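Not measured: the values here are computed from a predicted model.
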Protein chains: 2
Amino acid sequence: MARPSQREQILVEASRLFSKKGYHATTIREIAQNRGILSGSLYAHISSKEDLLFEIVDDGADAFLSAIASVSQSDRPPIDKLRMALCAHIQVIAERMDAATVFFHEWEALSEERRRLIQAKRDKYEAHWNAILEEGMADGSMSMADPKFVRLMLLSVANWLYHWYRPSGPLAPEEIADRFIQILVNGIENPGKERDLRA
Amino acid sequence: MARPSQREQILVEASRLFSKKGYHATTIREIAQNRGILSGSLYAHISSKEDLLFEIVDDGADAFLSAIASVSQSDRPPIDKLRMALCAHIQVIAERMDAATVFFHEWEALSEERRRLIQAKRDKYEAHWNAILEEGMADGSMSMADPKFVRLMLLSVANWLYHWYRPSGPLAPEEIADRFIQILVNGIENPGKERDLRA
DNA sequence: CCTACCGATCGGTAGG
DNA sequence: CCTACCGATCGGTAGG
């Protein structure tokens, strides 16, 4: 990787500020100042503040999509795919916390046309998860009354990471994924104790 | 309930706009206009825009806390408490979607002092969940390697609701809670198929 | 990338 | 609750 261009560095700085303060609360003067230039000079590299937001959010959507695409294409058993998909999702967030925060927090600030574009990528992403769960039901390795809620549960847990994950924390992304999968796969009820006897 | 005061109606309108457009993107002129008055007249009812945000967020925190407090105090079995706590959480969000969205999305826009106040209430809320899980482990009805992650999973799922729940949707809060609890309690692995044989 | 600036709009106030 | 307004700041541009 060559040294990052000024444009790339502007994007990194915008991600940082948008994630910390929010899109609307961040001024282009702050972004410019932190890059050592004046606000007017920003416009030699970008054409509008919203373009900056769109590029961050769209890059994020692509990162999630390409991570799960490679998992979907593997020929591992479905429960392994589930673990790999969750791990990949967590890694995307872990490696770009700022962009992930902007992705979940600020994508609705985009114009309607661009919002639709991002929504389409989100739909595509969810479809990958659905496919993994359906495969698991088809081969008998998974059993669930409501796959839609399992997917919702998985993505809720995976997405919520942007609220609490810290790269300096004690657990690597793989370990976090393992713990969630273990809970989800086995459940929390103690098999030694019959539920029906307690009611 | 008597007719709501102008102040209460301003809070409702502010919740609606803050949740839809974000705190910083909402102007006090919009709030005033939607209440049929001019922006300057707002200040007869509130003292600042941030006060409006704080009141919404703080009311939300109190709603979550009082909902789980009544569950904690009941003498039902821990798994029932889990279901009740999740149901109560979902109901708080369902009954005040706008405030819940502002609570999760905009609380970081508060001043540091007020942010600390809200954080303290969030910590207290999490402690209630921990207590329920610990009770379940103590009486043997639940079994988990990592209670911290079970709590994280529960709260991730519960909190993510503000992204997708719609009061007009097909499922009542209780039904949503039931489906999540069923997945979490029983797990998704098909007991008829041994995991170790597939590796 | 800077100088110099624009029209618009922001949260908020004084005085009634 | 209105009239009338404030200082500050916003995103963005023209011309170099």
*Once you round it to whole Å, what is the distance between C1' of C/dA14 and CG of B/Leu42?*
17 Å
*Is a side-chain donor or acceptor of A/Lys81 paired with a backbone partner of A/Gly136 at a separation under 3.5 angstrom?*
no
_Using side-chain contact (heavy atoms from CB on, under 4.5 Å), reason through B/Leu82 and B/Leu154 one step at a time and then give a plain yes or no._
CA-CA 9 Å; B/Leu82 210 60; B/Leu154 277 159; 3.8 Å; yes
*Taking only side-chain nitrogens and oxygens of A/Tyr43, does any of them come within less than 4.0 Å of OP1 or OP2 of D/dG12?*
yes
*asked:* Rounded to whole Å, how long is the line connecting atom CD of A/Glu50 with atom P of D/dC10?
replied: 19 Å
Polar pairs (N or O, both sides) under 3.5 Å between protein and nucleotides 5-7 of chain C?
none

*Is A/Arg96 salt-bridged to A/Asp59, cutoff N-O under 4.0 Å?*
no
*Could you state the CG-P distance from B/Leu52 to C/dC10, rounded to the nearest angstrom?*
16 Å
*Rounded off to whole Å, could you give me the CD-to-P distance for the B/Gln33 and C/dT9 pair?*
12 Å
*What nucleotide among C/dC2, C/dG12, D/dG12 has an atom nearest to a side-chain atom of A/Ser48?*
D/dG12
*Determine the contact category for A/Gln6: base if any of its heavy atoms lies under 4.0 Å from a base atom, sugar-phosphate if only primed atoms, P, OP1 or OP2 are that close, otherwise nothing.*
sugar-phosphate
_Can you tell me which nucleotide in C/dC2, D/dG12, D/dC1 comes closest to the side chain of A/Lys49?_
D/dG12
*For the pair made of CD1 in A/Ile46 and P in D/dT13, what is the distance, rounded to whole Å?*
10 Å
*Does A/Glu126 come within less than 4.0 Å of A/Arg122, counting only side-chain N to carboxylate O?*
no
_Out of C/dG12, D/dC1, C/dC1, whichever nucleotide has its closest atom nearest the side chain of B/His45_ = D/dC1
*Side chain of B/Thr27: nearest nucleotide among D/dC2, D/dG12, C/dC10?*
C/dC10
*asked:* Students often get this wrong, so: under 4.0 angstrom with heavy atoms, is A/Ile37 touching a base, only sugar-phosphate, or nothing?
replied: sugar-phosphate
*Do B/Arg114 and B/Trp107 meet the cation-pi criteria used here (NZ or CZ under 6.0 Å from the six-membered ring centre, within 45° of the axis)?*
no
*asked:* So, does B/His24 get its side chain near the phosphate of C/dC10, meaning an N or O under 4.0 Å from OP1 or OP2?
replied: no
*Heavy atoms under 4.0 Å, any strand shown: does A/Glu30 hit a base, just sugar-phosphate, or nothing?*
nothing
*Is A/Glu108 salt-bridged to B/Lys21, going by a charged N under 4.0 Å from an acidic O?*
no
*Which pair of non-hydrogen atoms, one from A/Ser15 and one from A/Ala99, has the smallest distance, and what is that distance?*
CB-N, 4.5 Å
*Euclidean distance, atom CZ of residue B/Arg7 to atom C1' of D/dC1 [Å, nearest integer]*: 17 Å
*Salt-bridge test for B/Asp98 and B/Arg16: reply yes if a basic N is under 4.0 Å from a carboxylate O, no otherwise.*
no
*For D/dG16, the Watson-Crick or wobble counterpart (both distances under 3.5 Å)*: C/dC1
*To the nearest Å, how far apart are A/Leu38 CG and C/dA4 C1'?*
11 Å
*In whole Å, what is the span from the CD1 atom of A/Ile28 to the C1' atom of D/dG11?*
5 Å
